[in-house]
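Written below as structure tokens is the structure these notes are about.
Values in this document were obtained by computation on a predicted structure and should not be read as measured data.
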Amino acid sequence: MAQIRLTNTRTRTKEDFVPIDPGNVRLYLCGPTVYDRAHLGNARPVLVFDLLVRMLRHVYGAGAVTYVRNFTDVDDKINAEAQRRKAAGRPGTLEDLIAERSDETIGWYHQDMDALGALRPDHEPRATAYVGQMIEMTRDLIANGHAYEAERHVLFDVRSFRDYGKLSGRSVDDMIAGARVEVAPYKRDPMDFVLWKPSDADLPGWDSPWGRGRPGWHIECSAMSAALLGPSFDIHGGGIDLQFPHHENEIAQSCCAHPDAGFANVWLHNEMLQVEGKKMSKSLGNFFTVRDLLDRGVPGEVIRFVMLSTHYRKPMDWTDAKAREAEAVLRRWRGLVAGIEPAPSPAPAVIDALSDDLNSAGAIAALHELAAKGDGAGLLASARMLGLLLPEMGGWAEAGDAAADQIAVLLAARLAARQARDFATADAIREGFAAAGVEVKDTPQGPEWSLAAGFDPARLADLAKAHGA
RNA sequence: GGUGGGUUGGCGGAGAGGUUACGCACCGGAUUGCAAAUCCGUGAAGACCGGUUCGAUUCCGGUACCCACCUCCA
């Protein structure tokens with residue numbers, strides 16, 4: 001059995017992964033705030049965790065993994081959109097419109113992540129369904145002296161938790177020294193954060209011991225993970241930007257609410273995705289969504305391949321050149337494995353690479369070596385370990401019947417021209433194929449064709465028309 | 001200002017204290033009407049300065065540059 005090793009942000013070392021219960025390995029990933037389409041950066045932790053889950057299921061068994069990823073549906077931006085719709089005269093209460101916006105966004109999210117071949121988690125809790133647990137946890141934190149009520153807010157007292165700052169490696173004093181935010185006057189310490197805050201009458205709210213209000217962002221994940229995975233579980237993940245304050249605060253809340261439990265053993269953080277060397281961010285306005293790419297004709301499998309070709313702990317730059325290269329590789333591999341049954345198990349080199357802190361780039365190198373050896377069965381079984389070359393993701397690589405007919409006619413025309421030693425016509429057809437993204441190989445057994453990166457059905461149709469189809 | 005991460009061949013991108021990463025591109029050969037594809041093969045690296053070592057791109061220290069977090073963000 002493979003020993004998985006993971007870099008644990010909590011200990012800052014790469015360590016052997018030892019599950020609390022090998023019969024039920026439990027993971028939690030911070031999911032999206034569902035106010036809009038997922039941008040490309042959102043896809044990175046999802047694909048990292050997807051790979052991790054596939055590996056854990058490979059090692060511990062398909063039924064031995066519980067994967068939870070939440071939807072944050074308590075959020076100002078969702079509220080703002082709902083208020084905008086209400087003002088525009090859309091029927092329904094504000095609560096209805098908020099739920100409508102969340103439902104719509106969750107539907108998009110599922111479509112987009114499905115297109116990338118990401119498996120659905122076992123549980124996808126929505127924050128609004130766990131407000132009771134959040135209130136309960138907040139009450140417990142007040143009762144055991146880690147939180148206090150002030151001006152209808154409930155705040156977590158960071159000075160009451162010794163280890164506050166340990167995950168992100170900063171001291172409370174350092175953070176205060178560098179803080180650039182204005183501190184609310186009712187806070188005991190500038191770093192204290194909100195567990196519960198009041199809601200105005202025109203915003204959604206829940207009744208609580210502290211009046212009508214809503215939960216703070218951080219308590220949502222603490223409550224949902226505890227409800228679905230228990231107070232101690234194996235792996236908690238997310239983007240490195242969540243390390244502070246979100247994950248730091250989660251640890252503070254969960255460890256103080258459940259002092260005898262360990263919360264998450266392993267913390268896994270992926271580095272950020274960049275575009276043209278800059279972080280993709282809302283404030284910089286250089287972000288684009290997964291759907292934008294899919295609509296531009298970049299297949300989900302190609303996006304997945306590009307994402308996995310950089311190790312998760314390194315910044316990754318998205319470029320169109322990478323997407324083109326990935327598309328060419330996937331087409332070649334799909335050609336190589338066509339009609340072949342996968343080997344009974346993935347190649348050891350691939351499992352070794354993935355076991356070593358999810359070295360997906362190393363695993364892809366091993367796939368290249370299998371392809372170079374012509375081991376189609378091994379390539380197929382190994383690529384599927386990475387969620388690649390799956391049958392349901394290959395539609396993009398197949399030509400339609402119309403294209404196949406046009407290509408057959410053009411190949412016949414080219415053969416006739418060559419036999420007549422009319423090389424000008426033969427070469428014109430060949431160049432037309434290249435321009436349309438059809439790759440023709442002349443083998444001793446006759447021509448074979450396949451689609452190359454950038455296949456353009458319209459240009460092929462024009463070419464066929466020009467040569468008598 | 002505080003904290004964390006990075007810097008590998010033309011490009012992308014891994015591992016390992018001493019032996020070819022891998023892919024793309026390039027070059028040579030086979031093949032071809034010429035090509036493409038394919039096959040075979042050759043090149044090409046580890047920011048800078050020190051240290052440890054028989055030996056460092058790999059470990060340690062410093063410098064430079066880049067990125068991120070400290071503020072909603074995966």
Side-chain angles (χ1 to χ4, degrees), chain A residues 9 12 29-33 35-36 38-49 69 72 75-77 165 167-182 190-191 217 237-248 269-274 277-284 287 305-306 308-317 319 321-322 324-326 328-329 332 335 349 352-353 356-357 359-372 374 417-419 421-424 426-427 430-431 433-434 438-444 447-450 452:
Chain A
T9 313
R12 290 168 200 279
L29 176 66
C30 289
T33 302
Y35 64 92
D36 205 352
H39 70 245
L40 191 60
N42 288 310
R44 198 170 185 198
V46 172
L47 290 175
V48 170
F49 255 59
R69 182 181 65 208
T72 297
D75 178 76
D76 287 342
K77 286 184 277 266
L167 178 74
S168 52
R170 28 188 122 198
S171 73
V172 174
D173 292 325
D174 286 346
M175 288 188 277
I176 291 168
R180 283 179 275 160
V181 276
E182 207 168 310
M191 297 314 293
W217 174 38
I240 189 71
D241 56 335
L242 292 185
Q243 185 188 39
F244 187 88
H246 184 53
H247 291 160
E248 196 74 70
H269 289 106
N270 60 277
E271 254 294 348
M272 308 310 280
L273 181 126
Q274 308 182 345
K278 290 277 176 204
K279 186 183 82 157
M280 181 180 254
S281 77
K282 286 154 205 165
S283 49
L284 287 177
F287 73 94
F305 186 101
V306 172
L308 295 182
S309 63
T310 299
H311 187 92
Y312 76 91
R313 280 188 296 104
K314 288 207 166 179
M316 198 208 93
D317 206 10
T319 63
K322 282 185 183 178
R324 281 194 300 273
E325 194 175 311
V329 169
R332 193 164 359 105
D352 287 350
D356 181 14
D357 201 20
N359 184 356
S360 50
I364 287 174
L367 296 182
H368 279 298
E369 285 172 21
L370 292 169
R418 289 175 71 186
Q419 281 168 345
R421 301 197 68 78
D422 175 6
F423 295 124
D427 290 352
R430 182 175 75 204
E431 280 154 25
F433 272 138
V438 178
E439 194 166 82
V440 178
K441 307 175 195 178
D442 291 315
T443 73
E448 291 175 7
W449 60 269
S450 56

| said: Taking any heavy-atom pair under 4.0 Å as a contact, classify A:Arg332: base, sugar-phosphate, or nothing. | reply: sugar-phosphate
| Taking the same atom, C1', in B:rA16 and in B:rC70, what whole-Å distance lies between them? | 36 Å
| Measuring from A:Asp241:CG to A:Met272:CE, what's the distance to the nearest 0.5 Å? | 3.5 Å
| remark: Using Watson-Crick geometry (N1-N3 plus N6-O4 or O6-N4) or G-U wobble (N1-O2, O6-N3), each under 3.5 Å, B:rU58 is paired with none
| message | Just verifying a value: how many Å separate A:His246 NE2 and A:Cys30 SG, rounded to the nearest 0.5 Å? | response | 3.5 Å
| task | For nucleotides B:rA36 and B:rG17, find the distance between their C1' atoms and express it as a whole number of Å. | result | 45 Å
| Syn-anti status, with the boundary at 90° from 0, for the nucleotide B:rG17 | anti
| NA contact type, A:Asp427, heavy-atom cut-off 4.0 Å: base, sugar-phosphate, or nothing? | base
| request: Using the closest heavy atom to pick a nucleotide of RNA chain B for each, name whichever of A:Gly362 or A:Pro245 lands nearer the 5' end. | output: A:Gly362
| task | Report which part of the nucleic acid A:Gly41 touches: base, sugar-phosphate, or nothing (heavy-atom distance under 4.0 Å, all strands). | result | base
| task | Using a 4.0 Å heavy-atom cut-off across all strands, classify A:Phe244 as base, sugar-phosphate, or nothing. | result | sugar-phosphate
| message | Over all strands shown, is A:His269 touching base, sugar-phosphate only, or nothing at heavy-atom distances under 4.0 angstrom? | response | nothing
| said: Under 3.5 Å for both donor-acceptor distances, Watson-Crick or wobble: does B:rA68 have a partner, and if so which one? | reply: B:rU3
| remark: A:His39 atom NE2 is separated from B:rC72 atom C1', nearest whole Å, by 12 Å
| request: Taking only the side-chain heavy atoms of A:Asp356 (C-beta and beyond), determine which of B:rC69, B:rG15, B:rA37 contains the nearest atom. | output: B:rG15
| request: For B:rA21, give its Watson-Crick or G-U wobble partner with both distances under 3.5 Å, or none. | output: none
| request: Please tell me which of the listed nucleotides, B:rA37, B:rC73, B:rG13, lies nearest to the side chain of A:Lys441? | output: B:rA37
| Nearest listed nucleotide, side chain of A:Lys77, among B:rG13, B:rC72, B:rC34 | B:rC72
| field | Integer-rounded Å distance: B:rA36 P and A:Phe423 CZ | value | 16 Å
| request: Select base, sugar-phosphate, or nothing to describe what A:Asp442 touches, counting heavy atoms under 4.0 Å on all strands. | output: base
| task | For B:rG23 versus B:rU58, give the span between their P atoms, rounded off to a whole number of Å. | result | 25 Å
| remark: Between CD of A:Glu271 and P of B:rG4 the distance, given in whole Å, is 14 Å
| message | I need the NE2-P distance between A:His246 and B:rC70, as an integer number of Å. | response | 13 Å
| task | Let me know the distance between CZ of A:Phe433 and C1' of B:rA37, rounded to the nearest Å. | result | 14 Å
| Going from CG on A:Asp357 to NE2 on A:His311, what distance comes out if it is rounded to the nearest 0.5 angstrom? | 4.0 Å
| Per A:Trp217 side chain, nearest of listed nucleotides B:rG33, B:rG23, B:rC73 | B:rC73
| query | Taking for each residue the nucleotide of RNA chain B bearing the nearest heavy atom, is the 5' side occupied by A:Arg418 or by A:Arg44? | reply | A:Arg418
| Within the structure, does a side-chain N or O atom of A:Ser168 lie under 4.0 Å from either OP1 or OP2 of B:rU3? | no
| note | note: A:Leu167, atom CG; B:rC70, atom P; distance rounded to Å ~ 14 Å
| task | State which of B:rC69, B:rG15, B:rA37 makes the closest approach to the side chain of A:Asp241. | result | B:rC69
| request: Mind checking A:Asn270 for me? I need base, sugar-phosphate or nothing, with any heavy atom below 4.0 Å counting as a touch. | output: base
| Which atoms form the tightest heavy-atom contact between A:Ala366 and A:Ala349, and what is the distance? | CB-CB, 4.0 Å
| query | Any ion pair linking A:Arg430 and A:Asp442 (charged N to carboxylate O, less than 4.0 Å)? | reply | no
| note | Side-chain contact check for A:Met272: nearest option of B:rC24, B:rA35, B:rA74 is B:rA74
| Spacing between A:Asn42 atom CG and B:rA74 atom P, to the nearest angstrom | 5 Å
| field | Sugar-phosphate only, base, or nothing, as touched by A:Glu369 at under 4.0 Å among non-hydrogen atoms | value | sugar-phosphate
| From B:rG33, B:rC69, B:rC67, nucleotide with atom closest to A:Arg430 side chain | B:rG33
| task | Specify the separation, in whole Å, of atom CD1 of A:Ile240 and atom P of B:rC69. | result | 10 Å
| When the P atoms of B:rC59 and B:rG15 are considered, how many whole Å apart are they? | 11 Å
| Under 4.0 Å: is that the gap between some side-chain N or O of A:Lys314 and OP1 or OP2 of B:rA14? | yes
| request: Using a heavy-atom cut-off of under 4.0 Å over every strand shown, decide if A:Arg313 touches base, sugar-phosphate, or nothing. | output: nothing
| Separation of the C1' atoms in B:rG62 and B:rG41, to the nearest angstrom | 44 Å
| Separation of A:Glu439 CD from A:Glu448 CD (nearest 0.5 Å) | 11.0 Å
| message | For the NE2 atom of A:His247 and the OG1 atom of A:Thr9, what is their distance to the nearest 0.5 Å? | response | 9.5 Å
| query | Would you call the rings of A:His368 and A:Phe305 parallel, tilted or perpendicular, where under 30° means parallel and over 60° means perpendicular? | reply | perpendicular
| said: Distance check, C1' atoms only: B:rC24 and B:rG9, in whole angstrom units. | reply: 13 Å
